[in-house]
Number of protein chains: 2
Amino acid sequence: MSSVTKALQLLTHFSTARAEIGLSQLCRIAKRDKATTYRHLQALEIAGFVEQNPSTKQYRLGPTVLQLAQTREATVPRKASAQRPLLDLAEATGETSHVTVLSGSTVYGLASCDSQRHGTRAIIDIDTFPLHATASGLCSVAFGPEQLMDAAKSNLTQFTDTTPTSIDTLQATVESVRKTGFGHASRSFETEVEGLSAPLFDQTGQFAGAISVASVATRFTPELEHTIKEHLIIAAREISHNWGGIIPTTIEGLWARSLTSTHKLETTS
Amino acid sequence: MSSVTKALQLLTHFSTARAEIGLSQLCRIAKRDKATTYRHLQALEIAGFVEQNPSTKQYRLGPTVLQLAQTREATVPRKASAQRPLLDLAEATGETSHVTVLSGSTVYGLASCDSQRHGTRAIIDIDTFPLHATASGLCSVAFGPEQLMDAAKSNLTQFTDTTPTSIDTLQATVESVRKTGFGHASRSFETEVEGLSAPLFDQTGQFAGAISVASVATRFTPELEHTIKEHLIIAAREISHNWGGIIPTTIEGLWARSLTSTHKLETTS
DNA sequence: AACATCGGTTCAATATATGAACCACAATAG
DNA sequence: CTATTGTGGTTCATATATTGAACCGATGTT
């Protein structure tokens with residue numbers, strides 16, 4: 001491992017929960033030699049990546065990261081940084097995939113990608129995704145800000161005969177999303193389309209959008225569902241990472257449980 | 001110079017104007033060896049500080065900086081990161097100093113610091129600074145968003161007999177701030193106080209606030225004015241840096257000219 | 001077909017990173 | 001009023017990781 005990598009790794013130990021770290025403390029956390037760590041910190045300090053609290057001598061993140069983040073945010077739009085994982089997802093599942101972002105109480109389509117594998121494809125050609133009827137929408141209601149539930153309740157347009165049109169069925173559906181970590185819209189927007197989705201998180205740590213796969217219903221077997229979920233997880237992690245966020249451990253836990261149970265179902269059936 | 005420092009220096013070459021840089025190009029810009037630069041970029045890529053545009057192979061800032069910036073923003077408030085330069089300023093000038101931030105059309109006091117050097121001190125004990133009558137306010141009008149001028153015009157309260165109360169005198173005063181790079185409130189808020197200020201900038205590149213020195217009028221000689229301006233510049237650079245910004249070169253130019261002319265005045269008088 | 005780029009790789013030479021032991025200081029504890 | 005234990009910071013011989021000229025294959029230009 002290069003010394004550059006080692007030095008940069010030190011930065012990963014700073015968080016809102018542990019904003020300031022002393023030299024000795026950091027050595028323990030990172031399991032590193034003190035002299036080396038000290039020199040690494042000095043190099044990071046020169047570059048403005050860390051600074052020392054003058055009163056406590058503890059180190060904390062420096063102002064340079066603000067500048068860099070500004071540049072990154074200004075030059076790499078969310079869409080571009082979601083493109084690659086989206087393509088991989090469509091490729092791996094053989095189904096059409098979407099990335100949506102939440103703005104206010106509206107779920108906007110940010111990017112989509114068709115797989116070339118099958119002749120029939122799910123074409124979702126809309127700008128905004130209904131909260132109650134699409135996998136992305138349900139994911140947003142389940143993991144986004146609370147007022148989204150009200151927004152969803154206030155527009156329960158019926159698209160198919162399985163669209164949740166009552167407040168009770170909507171709440172039950174959202175509840176199951178919160179339990180499994182996946183949004184699931186079973187032919188509730190288009191009669192021939194099964195939607196599965198996973199939440200995305202950005203640098204604020206908040207829900208920022210969703211990644212979804214729209215599968216042609218006739219192909220939607222338990223095996224495909226399992227495959228889609230596996231790749232949704234990969235894509236969600238990657239896009240969240242590109243947006244400066246991480247998947248909360250609670251969600252990771254839901255996914256882990258959700259996948260093992262699906263797997264059981266798959267092997268016992 | 002350590003290899004860590006050298007690697008981190010590479011990041012300074014990325015900006016909104018030059019968001020993506022190829023390996024060879026970066027070597028020319030940074031005047032570095034190609035093999036070394038390549039390895040440094042690899043280390044930065046592992047840590048997520050840069051990433052490669054898959055299609056062009058060019059490098060750009062990576063998602064990690066977003067996370068770090070989030071943590072920095074959440075854990076180091078503006079006030080804390082302005083404190084030290086503010087103290088140094090008060091110390092160096094022997095006068096009371098303030099940091100103000102702009103929020104909407106209001107200039108709020110963020111922090112202040114008294115010098116212990118003199119028995120008499122300028123005490124500015126307010127939460128919000130009048131736009132037209134204080135050095136910080138004038139600086140905000142001069143370098144902040146345009147609508148501030150309207151806000152200033154709509155409240156021309158007379159505090160002293162030199163307070164600019166007409167739209168014409170206000171505009172003339174602001175004009176001179178734009179010419180010199182320094183806000184100057186000559187006994188226009190308190191009869192015994194001369195105020196000098198300089199603008200502050202944050203990571204968005206926009207005007208974010210002002211740093212000011214309130215000097216007791218009887219002490220306010222051309223020599224002191226020159227000293228205050230010198231140290232205002234230092235403080236403004238430092239606080240802006242701590243907020244993730246830099247002083248625009250136009251302002252730096254104004255200051256340079258402004259200071260040499262003051263110096264001439266000082267030596268010829 | 002010759003030439004000039006590009007991103008990426010190799011390997012011997014050596015400059016640079018390393019860490020045990022060492023300060024000086026501050027805050028406890030006995 | 002010492003010990004003790006913690007801290008941030010420093011030293012220096014050792015050795016390991018960094019370095020850059022030269023090289024490669026690919027792509028594009030003249």
Side-chain angles (χ1 to χ4, degrees), chain A residues 1-15 17-64 75-76 80-81 83-84, chain B residues 1-15 17-63 72 75-76 80-81 83-84 87 242:
Chain A
M1 188 191 302
S2 75
S3 68
V4 178
T5 304
K6 277 183 271 187
L8 292 177
Q9 274 188 351
L10 293 177
L11 294 174
T12 64
H13 298 105
F14 292 91
S15 64
R18 190 162 49 199
E20 302 202 340
I21 311 179
L23 173 58
S24 300
Q25 194 184 354
L26 185 54
C27 292
R28 283 191 298 273
I29 296 168
K31 299 190 177 77
R32 292 263 185 66
D33 175 75
K34 194 168 57 154
T36 303
T37 304
Y38 178 65
R39 275 188 302 268
H40 286 168
L41 281 170
Q42 292 232 316
L44 292 170
E45 192 171 21
I46 288 168
F49 281 77
V50 302
E51 63 183 13
Q52 256 184 313
N53 184 331
S55 54
T56 66
K57 297 275 186 181
Q58 293 203 312
Y59 295 86
R60 64 181 175 215
L61 291 174
T64 298
T75 56
V76 185
S81 62
Q83 210 70 257
R84 166 52 63 102
Chain B
M1 189 191 301
S2 75
S3 68
V4 177
T5 305
K6 277 182 272 187
L8 292 177
Q9 274 187 352
L10 293 177
L11 294 174
T12 64
H13 298 104
F14 293 91
S15 64
R18 190 162 49 202
E20 302 202 340
I21 311 180
L23 173 58
S24 300
Q25 194 185 354
L26 185 54
C27 292
R28 282 192 298 272
I29 295 169
K31 299 189 176 77
R32 292 266 184 66
D33 175 77
K34 194 166 58 153
T36 304
T37 303
Y38 178 65
R39 275 188 302 269
H40 285 168
L41 282 170
Q42 293 233 317
L44 291 170
E45 193 171 20
I46 289 169
F49 280 78
V50 301
E51 63 184 12
Q52 253 183 315
N53 184 330
S55 54
T56 65
K57 295 274 184 183
Q58 294 203 312
Y59 295 87
R60 64 181 175 216
L61 291 174
R72 160 83 186 185
T75 56
V76 185
S81 62
Q83 209 70 259
R84 166 53 63 103
L87 188 125
N242 287 348

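- With sequence neighbours excluded, no residue satisfies side chain to side chain donor-acceptor pair (under 3.5 Å) with B/T75.
- With sequence neighbours left out, the ring-ring contact (aromatic ring centres under 6.0 Å, His included) criterion links B/F49 to A/F49.
- Every residue meeting the side chain to side chain contact (heavy atoms under 4.5 Å, CB included) condition with A/I29, not counting sequence neighbours, appears here in chain and number order: A/H13, A/R18, A/I21, A/Q25.
- Computed from coordinates, the A/M1 CE to C/dT18 C1' distance equals 15 Å when rounded to whole Å.
- Scanning for side chain to side chain donor-acceptor pair (under 3.5 Å) contacts around A/R60 gives A/E20, A/E51, with sequence neighbours left out.
- Across all strands, A/Q52 comes closer than 4.0 Å only to sugar-phosphate atoms, never to a base (heavy-atom distances).
- Applying the side chain to side chain contact (heavy atoms under 4.5 Å, CB included) criterion to B/K57, with sequence neighbours excluded, gives B/Q52.
- Taking each heavy atom of B/G22 and B/Q58 in turn, the nearest pair found is N-NE2, 3.5 Å.
- Taking the screw axis at each terminus of the helix from C/dA1-D/dT30 to C/dG30-D/dC1 from five consecutive base pairs, the angle between the two is 30° to within rounding of 10 degrees.
- The stretch residues 22-31 of chain B participates, sequence neighbours left out, in no salt bridge (Lys or Arg N to Asp or Glu O under 4.0 Å) pair at all.
- Proximity of B/S24 to the phosphate of C/dG7: a side-chain N or O atom is located under 4.0 Å from OP1 or OP2.
- Within residues 29-41 of chain B, the residues approaching DNA chain C are B/K34, B/A35, B/Y38, by heavy-atom distance under 4.0 Å.
- Taking the 5' to 3' direction, DNA chain D first and last meets chain A under 4.0 angstrom from a heavy atom at D/dT7 to D/dT18.
- By the side chain to side chain donor-acceptor pair (under 3.5 Å) test, A/S3 is found to be paired with B/S3, residues two or more places apart in sequence or in another chain being considered.
- Of the inter-residue distances, the one linking A/L26 atom CG with A/L41 atom CG reads 5.5 Å to the nearest 0.5 angstrom.
- Rounded to whole Å, the distance from NZ on A/K6 to P on C/dG19 is 7 Å.
- Map B/Q42 and B/R28 each onto its nearest nucleotide of DNA chain C; the residue landing nearer the 5' end is B/R28.
- Nearest-nucleotide positions on DNA chain D place A/Q25 closer to the 5' end than the other of A/S3 and A/Q25.
- Scored by the side chain to side chain donor-acceptor pair (under 3.5 Å) test, B/Q9 finds B/R32 as partners (sequence neighbours excluded).
- With sequence neighbours excluded, the residues forming a side chain to side chain contact (heavy atoms under 4.5 Å, CB included) with B/S81 are B/R72, B/V76, B/N242, B/W243, listed by chain and number.
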